[in-house]
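Below is one structure; the comments refer to it alone.
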Number of protein chains: 4
Amino acid sequence: MKPEERKNRILDCAKRLFSKNGYHNTQISDIISEAGIARGTIYQYFQNKEDLFSSLLDSLYRGLEGSIIISPEEVKKYMARPGSYLGYRIKRTLEYFYSDRDLCSIVLRITQGLQPEFGHLIRRFENKLMELLKGDIELGKKHSTVRKDIDTELTANLIAGALFRISYNYFLSDNPRHGRVDIDEITEKIVSIFMKGLFLETS
Amino acid sequence: MKPEERKNRILDCAKRLFSKNGYHNTQISDIISEAGIARGTIYQYFQNKEDLFSSLLDSLYRGLEGSIIISPEEVKKYMARPGSYLGYRIKRTLEYFYSDRDLCSIVLRITQGLQPEFGHLIRRFENKLMELLKGDIELGKKHSTVRKDIDTELTANLIAGALFRISYNYFLSDNPRHGRVDIDEITEKIVSIFMKGLFLETS
Amino acid sequence: MKPEERKNRILDCAKRLFSKNGYHNTQISDIISEAGIARGTIYQYFQNKEDLFSSLLDSLYRGLEGSIIISPEEVKKYMARPGSYLGYRIKRTLEYFYSDRDLCSIVLRITQGLQPEFGHLIRRFENKLMELLKGDIELGKKHSTVRKDIDTELTANLIAGALFRISYNYFLSDNPRHGRVDIDEITEKIVSIFMKGLFLETS
Amino acid sequence: MKPEERKNRILDCAKRLFSKNGYHNTQISDIISEAGIARGTIYQYFQNKEDLFSSLLDSLYRGLEGSIIISPEEVKKYMARPGSYLGYRIKRTLEYFYSDRDLCSIVLRITQGLQPEFGHLIRRFENKLMELLKGDIELGKKHSTVRKDIDTELTANLIAGALFRISYNYFLSDNPRHGRVDIDEITEKIVSIFMKGLFLETS
DNA sequence: AATGAATGAGTATTCATTCAT
DNA sequence: AATGAATGAATACTCATTCAT
């Protein structure tokens with residue numbers, strides 16, 4: 001097995017274990033026995049447990065960037081109709097979390113109770129999504145598809161929180177839903193709420 | 001100092017420390033030195049660290065129940081206008097988290113990465129809110145103030161996620177906002193989004 | 001057993017083991033099994049292995065100060081005849097090392113190859129003796145009992161080196177001499193060399 | 001690079017590192033990175049770390065033998081005047097240590113705290129010097145240049161201890177003296193003490 | 001001969017919990 | 001009830017050595 005392969009194998013096993021048991025309840029011993037390597041080997045690739053976890057977060061983050069960024073062509077395409085653009089963003093975000101349950105668990109759950117030493121790495125995920133959402137909202141305001149009186153920051157938080165919780169609750173294996181999850185359907189439902197609101201018109 | 005007092009003192013110190021440092025990074029040593037008691041004393045009141053944390057979650061949970069449940073009279077009062085009822089629920093929920101930053105940190109952050117051993121205790125908070133929100137939505141549907149085509153479960157998750165994130169981001173001391181937070185204002189903004197949606201009517 | 005007793009017991013066992021096996025070849029495990037205590041107990045009294053060793057050096061050093069300092073009355077008493085004062089100093093120094101073979105081994109042997117982190121503590125022993133010897137020589141020059149043309153620093157080094165080596169070679173248990181060592185006799189021989197030199201007068 | 005060259009290069013780097021950091025604080029990693037070779041290569045030339053250190057001591061010892069042995073012709077030459085012979089021995093010994101600071105540090109410092117496993121190799125240095133010094137003294141006694149009443153063994157230890165300490169303190173780079181060290185001057189001062197003693201004649 | 005990734009025994013240290021006083 | 005010294009299982013990390021390439 002080549003070094004690069006082995007490193008990825010370690011990261012992979014670590015991802016599974018961290019996602020299942022959390023940072024503190026995952027021991028180096030667990031990781032090496034899962035990966036089928038010797039105790040010392042792990043320290044050839046990572047300085048220590050913290051560095052391993054950081055590296056893992058790093059690799060997950062790189063996946064995020066690739067997944068949820070929308071290209072200029074796509075922007076044009078989806079900008080036409082209000083809601084269609086937001087829907088696309090939502091769908092892409094849900095797809096990111098849906099694509100990898102372990103990732104989802106680590107980013108949305110494991111990561112949360114950790115110490116400031118990981119703070120920076122942890123925030124990157126939400127900061128990135130927040131940044132994109134705020135950009136989307138501002139863009140919408142500029143194009144006059146989004147109401148100008150809404151609070152950008154608060155709304156971005158509202159959407160992000162909604163997406164995190166829905167991802168967490170619908171995608172994680174230990175919170176199983178009956179049948180397969182249909183992201184298009186969920187997206188549509190969410191967009192519908194943000195399009196029309198919750199309430200009937202009380203003309 | 002009376003036993004009951006002492007127990008509360010321990011819980012209080014533990015709350016501060018857990019909220020700041022997390023479960024694993026808070027040591028018994030920290031708690032006893034913060035509480036000014038002897039090492040053994042803590043075990044007179046709690047079986048072990050886990051029991052102490054559970055007891056703490058218990059006491060926080062009892063506060064939740066008292067805070068966000070809406071009495072039948074209030075239901076009547078707020079049911080009249082669509083949105084006013086939801087707004088009231090949102091406000092009460094935000095107030096609950098705003099009232100105690102440590103509580104907010106523990107419930108929304110510290111608790112997240114923990115092991116299944118706490119799972120049950122942890123879920124109670126969100127389950128309670130979810131139950132109430134779902135009830136609200138169903139009630140709204142029955143009274144024909146809420147659109148019948150929305151997905152109750154998903155919408156409850158959406159609202160809960162939004163409220164959690166907003167609480168976390170606006171109330172916690174280490175995520176400071178400029179100036180004091182105005183819950184009424186935040187509530188109004190959130191309600192507005194759920195009333196009218198995000199978008200301008202495109203005639 | 002009282003805490004103070006226990007701490008001394010640990011220091012005592014550590015002294016024996018360090019003196020025999022050196023710093024790096026003495027494990028915490030060795031010390032605790034020698035002292036008959038639990039693994040954690042040692043860390044109640046000392047921060048870590050380094051701190052334990054430092055504390056040990058400290059206590060040995062305090063013994064040195066008590067042993068080789070000569071009171072003003074003694075100075076007067078011995079100052080009368082040249083050589084008698086130096087002899088007294090030599091005797092006191094030899095007695096210090098002779099009194100405790102472990103001390104002797106630690107100060108003269110174990111300590112030598114260690115890292116800068118102990119440098120300060122290690123130097124104290126030789127610095128103290130050097131300081132005293134240099135004082136003695138200067139005093140002798142002032143009283144015109146010592147030749148004014150000798151180099152104080154170099155001579156102090158010469159005497160110190162001689163005393164260290166003789167102590168090490170005559171006193172240490174693993175460098176055994178036949179029969180008991182007679183410090184008075186050794187002292188006399190050393191003084192004789194420094195009194196008359198090594199050589200016959202070749203008048 | 002030829003094998004022999006490479007082996008010497010390793011020994012050379014090891015010497016520098018051991019002399020600076022001691023045996024236990026010098027890692028194989030340090031040596032290979034200093035020598036610019038691969039980890040495995042070192043084991044082609046030496047069985048293990050202990051063997052490497054032994055080989056190093058061996059090579060240093062061979063230097064000692066070459067340096068401080070005095071040829072029969074020289075014996076004749078210097079035997080004439082008392083003191084001149086001893087002075088020559090002292091000078092040669094000091095020169096040996098002065099010629100190589102790393103050697104000096106290893107022999108006089110690093111080596112000291114080590115375990116019995118090196119005992120034999122370590123003693124060789126001092127044994128050799130002791131053997132020579134004792135021979136010198138006995139020779140002096142035979143030629144009636146040295147006082148017959150002095151204790152050969154003790155005196156040899158005294159001189160050896162003095163030379164070790166003076167070498168260590170005057171030659172090592174981390175115990176710097178102002179200006180360059182003049183071995184002839186030091187030798188002269190030492191010999192003077194052993195010639196005339198320390199004290200003024202109080203006839 | 002040279003390489004360097006892999007190995008795993010060895011070690012210091014932590015920290016929740018106990019229990020004699 | 002309160003104390004705090006003692007406990008020891010658990011754990012991360014090191015580093016000399018090996019061996020397939």
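With E:dT13, F:dG8, E:dT17 as the choices, the nucleotide that has an atom nearest any side-chain atom of B:Lys49 turns out to be E:dT17. Closest approach to the B:Thr41 side chain among E:dA6, E:dA16, F:dT3 is made by F:dT3 (side chain taken as heavy atoms from C-beta onward).
Residues A:Ile32 and A:Ile28 have side chains in contact (heavy-atom distance under 4.5 Å, counting atoms from C-beta outward).
Between A:Phe46 and A:Phe53, a ring centre-to-centre spacing not shorter than 6.0 Å is recorded. Aromatic pair A:Phe97/A:Tyr168: ring centres not closer than 6.0 Å.
Protein atom CD of B:Gln27 is 20 Å distant from nucleotide atom P of F:dG4, rounded to whole Å. At whole-Å resolution of the value, CG in A:Asn25 and P in E:dA16 are 13 Å apart. Here the P atom of nucleotide E:dA1 and the CZ atom of D:Phe46 are 13 Å apart, to the nearest Å. For the pair C:Tyr43 OH and E:dT13 P, the interatomic distance rounds to 4 Å; values are reported in whole Å. Computed from coordinates, the D:Arg39 CZ to F:dA20 C1' distance equals 17 Å when rounded to whole Å. In this structure, the CD atom of C:Glu5 is 15 Å from the P atom of F:dA5, given to the nearest Å. Atom pair B:Ile28:CD1 and F:dT7:C1' shows a separation of 16 Å (rounding to whole Å applied). Atoms NE2 (D:His24) and P (E:dA12) sit 12 Å apart, rounded to a whole Å.
Applying the 6.0 Å contact sphere to CD of D:Glu5 captures more than 12 heavy atoms from other residues, nucleotides or ligands.
When the side-chain nitrogen and oxygen atoms of B:Ser29 are compared with OP1 and OP2 of E:dC15, none of them lie within a distance under 4.0 Å.
In this structure, D:Gly40 and D:Thr26 both approach DNA chain F, and ranking their closest nucleotides by distance from the 5' end singles out D:Thr26. In terms of position on DNA chain E, the residue among A:Lys2 and D:Arg6 whose nearest nucleotide sits closer to the 5' end is D:Arg6.
Within 4.0 Å of D:Tyr45, counting heavy atoms only, lie sugar-phosphate atoms of the nucleic acid but no base atom. At a threshold of 4.0 angstrom between heavy atoms, the contacts of C:Gln44 include nucleobase atoms, whether or not backbone atoms are also involved.
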Audit row: C:Lys15, C:Asp100, salt bridge (Lys or Arg N to Asp or Glu O under 4.0 Å) steps and yes/no: CA-CA 10 Å; C:Lys15 186 169 75 169; C:Asp100 187 339; 2.5 Å; yes
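Counting only Watson-Crick and G-U wobble pairs whose two key distances fall under 3.5 Å, DNA chain E forms stems of three or more stacked pairs at E:2-21 with F:2-21.
Using modelled atom types and a 3.5 Å distance limit, the side chains of D:Ser29 and D:Arg39 yield a donor-acceptor pair.
The side-chain contact (heavy atoms from CB on, under 4.5 Å) test with D:Phe18 is passed by exactly one of D:Asp30, D:Ile31, D:Asn25: D:Ile31.
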